[in-house]
There are 2 protein chains.
Amino acid sequence: MNQITQLEQRILETAERLFLEKGFAGTSTTDIARAVGCNQALVHYYYRTKERLFRGIFEQKMNLLLDYLDHAEYDGDLMQTMERVVDFYFSMLSANPRLPFFVMNELVLNAERRAWIREVFIRDERRQRAYYAFSDLVHREITKGALRPVEPLDLLLDVVSLTVMTFVTLPIYQDLLEKSPAEVETYLRGRKAEILIMLRRGFSPA
Amino acid sequence: MNQITQLEQRILETAERLFLEKGFAGTSTTDIARAVGCNQALVHYYYRTKERLFRGIFEQKMNLLLDYLDHAEYDGDLMQTMERVVDFYFSMLSANPRLPFFVMNELVLNAERRAWIREVFIRDERRQRAYYAFSDLVHREITKGALRPVEPLDLLLDVVSLTVMTFVTLPIYQDLLEKSPAEVETYLRGRKAEILIMLRRGFSPA
DNA sequence: ATCTTGTTTAATAGTGTTATTAAATAATGG
DNA sequence: CCATTATTTAATAACACTATTAAACAAGAT
């Protein structure tokens with residue numbers, strides 16, 4: 001029960017790392033086995049197919065990404081809520097910077113994955129409810145005069161675009177502009193501040 | 001000189017389409033040949049390696065993407081210039097919606113490609129000059145009081161984030177929310193308007 | 001008509017990929 | 001200790017991929 005789970009676990013973790021780094025098409029089960037240091041057949045013993053292994057990871061990562069939104073408390077002030085959300089995702093994504101690209105990448109490149117995801121995620125009541133709650137709140141805040149008139153989906157996309165792109169382009173920023181880890185940290189702090197300014201200005205009423 | 005160029009051309013066009021759709025790792029020279037309807041060796045006869053074929057396309061697409069910025073006239077009003085830029089890219093990307101993802105994808109997934117790109121693109125004087133001109137203008141406009149204090153890079157990233165993400169997530173929007181082409185067109189018009197509002201509010205002085 | 005040059009294909013080497021199978025090894029329970 | 005079960009590996013099937021080579025084919029020039 002030790003080495004057993006140990007290898008199975010290490011395969012999962014390594015697969016995770018490699019898929020996140022190189023994507024589904026760019027990672028082979030041989031790569032994974034090599035990185036773990038075990039026989040390639042073992043990957044298939046535990047997960048049967050590369051697709052199954054991938055899906056498990058993909059689903060988990062997708063949930064990790066959406067969980068916070070599902071449970072977000074849309075209390076009184078939407079502007080404050082928005083700041084909390086950005087704050088949370090900046091922390092979370094600083095620890096997992098390749099997460100958003102990973103999910104986006106596979107959804108964009110693979111139409112079958114989109115179809116599959118449509119069934120599993122979009123038709124999930126919890127998620128539907130969360131979106132309607134959010135949508136209602138936006139409309140209420142607009143009526144209240146606490147928010148500029150805006151489509152809920154637009155608001156969502158604006159926040160997501162600014163936040164996600166910061167992390168998606170991070171490897172490019174690092175490598176192309178040859179930045180050190182310390183510089184990257186400063187840069188991320190700066191980006192977060194900038195995004196909050198944009199959102200505050202962009203959505204304040206009047 | 002007819003059938004000659006014809007096949008060479010069709011190989012290039014097909015490669016372009018497939019690379020844009022599935023990425024480098026997801027497209028094989030066999031796929032390309034199959035789609036063209038020619039022998040697979042012909043792809044190698046004209047382009048020698050998959051990597052060379054890809055690089056030609058990648059470089060061309062990257063230039064296509066950056067060309068406008070290199071020649072953008074930063075005249076009097078920055079805000080107006082910004083609107084022209086967004087307007088241009090929305091037209092251009094509506095015709096080539098997979099372009100930004102294609103470039104981003106390869107840069108994020110492939111570190112060697114980043115290194116190569118760093119040499120070819122970043123160390124290009126025209127590009128350097130264009131960026132400095134832009135950076136200077138931003139600082140001048142801030143001093144003039146025509147623009148909120150902001151780092152030029154932040155301004156650039158905000159514009160790029162909002163614009164690019166609209167197109168990157170387009171397949172997801174289409175498929176996951178099951179939208180028709182007509183709905184997509186309306187959606188894009190809406191996004192452009194929304195982005196212009198965000199930018200105007202986000203960067204107007206005071 | 002044949003020589004030359006450029007185009008296209010068939011064949012294939014060489015490698016890498018996913019996946020399965022059977023055998024070896026380790027661990028566990030009776 | 002032995003039987004059973006779970007883990008791990010070696011071997012390999014079956015196929016896909018990149019790239020090369022030599023030969024077939026077509027055109028135009030001489």
Side-chain angles (χ1 to χ4, degrees), chain A residues 1-60 102 105-106 109-113 115-116, chain B residues 1-60 102 105-106 109-113 115-116:
Chain A
M1 180 191 153
N2 303 337
Q3 258 194 342
I4 302 166
T5 309
Q6 249 180 53
L7 263 186
E8 184 176 356
Q9 190 60 23
R10 277 179 57 206
I11 288 171
L12 191 68
E13 283 162 8
T14 307
E16 208 171 291
R17 184 169 57 78
L18 292 182
F19 281 143
L20 269 277
E21 240 168 63
K22 307 268 195 182
F24 179 81
T27 308
S28 69
T29 54
T30 316
D31 288 339
I32 296 166
R34 236 198 312 271
V36 170
C38 72
N39 191 290
Q40 177 261 343
L42 199 62
V43 178
H44 292 273
Y45 171 72
Y46 280 119
Y47 300 97
R48 216 158 58 74
T49 69
K50 182 184 166 185
E51 179 68 25
R52 278 170 58 89
L53 172 57
F54 181 85
R55 284 202 182 178
I57 292 166
F58 185 74
E59 190 160 355
Q60 192 242 315
F102 170 70
N105 188 33
E106 298 300 335
L109 285 183
N110 194 321
E112 286 146 48
R113 199 99 62 208
W116 173 71
Chain B
M1 182 190 151
N2 302 339
Q3 261 197 341
I4 301 166
T5 308
Q6 250 181 52
L7 263 186
E8 184 176 355
Q9 191 59 24
R10 277 179 56 206
I11 288 171
L12 190 66
E13 283 163 8
T14 306
E16 209 171 290
R17 182 169 58 78
L18 293 181
F19 281 144
L20 268 278
E21 238 167 64
K22 308 266 194 183
F24 179 81
T27 308
S28 69
T29 55
T30 316
D31 288 338
I32 297 166
R34 235 197 313 269
V36 170
C38 72
N39 191 289
Q40 176 262 344
L42 200 61
V43 178
H44 291 274
Y45 171 72
Y46 281 119
Y47 300 98
R48 216 159 59 71
T49 69
K50 181 183 167 186
E51 178 69 25
R52 278 169 57 91
L53 172 57
F54 181 84
R55 283 202 182 180
I57 293 167
F58 185 75
E59 190 160 354
Q60 193 243 314
F102 170 69
N105 188 33
E106 297 300 335
L109 285 183
N110 194 320
E112 284 146 48
R113 200 99 61 207
W116 174 70

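Here is the naming used below: chain letters follow the sequence lines, and residue numbers restart at 1 for every chain. All of these numbers come straight from a predicted model, not from anything done at the bench.
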> Which heavy atom in B/Ile11 sits nearest to a heavy atom in B/Val36, and how many Å separate them?
Replying inline: CA-CG2, 3.8 Å
> Tell me: CD of A/Glu51 to P of C/dA19, nearest whole Å?
Replying inline: 9 Å
> Rounded to the Å, how far apart are A/Gln9 CD and D/dT7 C1'?
Replying inline: 16 Å
> What is the distance, rounded to the nearest whole Å, between atom OH of B/Tyr46 and atom C1' of C/dT8?
Replying inline: 8 Å
>> I want to check one thing: is the phosphate of C/dG16, taken as OP1 and OP2, less than 4.0 Å away from some side-chain N or O of A/Thr30?
In response: no
> How far does the helix from C/dA1-D/dT30 to C/dG30-D/dC1 bend, going by the axes of its first and last five pairs, to the nearest 10°?
Replying inline: 10°
>> Does anything in residues 32-45 of chain A come within less than 4.0 Å of DNA chain C? Heavy atoms only, and list the residues if so.
In response: A/Gln40, A/Ala41, A/His44
> So, is B/Ser28 close to the D/dA16 phosphate, meaning a side-chain N or O under 4.0 Å from OP1 or OP2?
Replying inline: no
>> Which residues pass the side chain to side chain contact (heavy atoms under 4.5 Å, CB included) test with A/Leu109, not counting sequence neighbours?
In response: A/Asn105, B/Phe101, B/Asn105
>> Could you tell me how far apart B/Arg48 (CZ) and C/dT8 (P) are, to the nearest whole angstrom?
In response: 19 Å
> To the nearest Å, how far apart are A/Tyr47 OH and D/dT8 P?
Replying inline: 11 Å
Review item, side-chain donor-acceptor pairs of residues 12-26 of chain B, under 3.5 Å, at least two apart:
residue : atom : partner : partner atom : Å
B/Glu13 : OE2  : B/Gln9  : NE2          : 3.3
B/Thr14 : OG1  : B/Arg10 : O            : 2.7
B/Glu16 : OE2  : B/Lys61 : NZ           : 2.9

> Between B/Phe54 (CZ) and D/dA19 (P), how many Å, whole number?
Replying inline: 14 Å
> Does A/Tyr47 have any ring pair (Phe, Tyr, Trp, His ring centres under 6.0 Å) partners at least two apart in sequence or in another chain, and if so, which?
Replying inline: none
>> Going by side chain to side chain contact (heavy atoms under 4.5 Å, CB included), name the residues that satisfy it together with B/Ala41, two or more places apart in sequence or in a different chain.
In response: B/Asn39
> Which pairs with one or both residues in residues 39-55 of chain A pass salt bridge (charged side-chain N to carboxylate O under 4.0 Å, His left out), sequence neighbours excluded?
Replying inline: A/Glu51-A/Arg55, A/Glu51-A/Arg113
>> Quick one, A/Leu53 and A/Thr29 - any side-chain contact, counting heavy atoms below 4.5 Å?
In response: no
>> Filter on salt bridge (charged side-chain N to carboxylate O under 4.0 Å, His left out), then keep only pairs touching residues 26-46 of chain B, sequence neighbours left out; what's left?
In response: B/Asp31-B/Arg34
> Does a nitrogen or oxygen in the side chain of B/Thr29 sit under 4.0 Å from OP1 or OP2 of D/dT18?
Replying inline: yes
> Nearest-Å distance, CD1 (B/Ile11) to P (C/dT7)?
Replying inline: 11 Å
>> Without decimals, in angstroms, what is the distance between A/Lys50 NZ and D/dC15 P?
In response: 19 Å
> For A/Asn110, which residues count as a side chain to side chain donor-acceptor pair (under 3.5 Å) partner, sequence neighbours excluded?
Replying inline: none
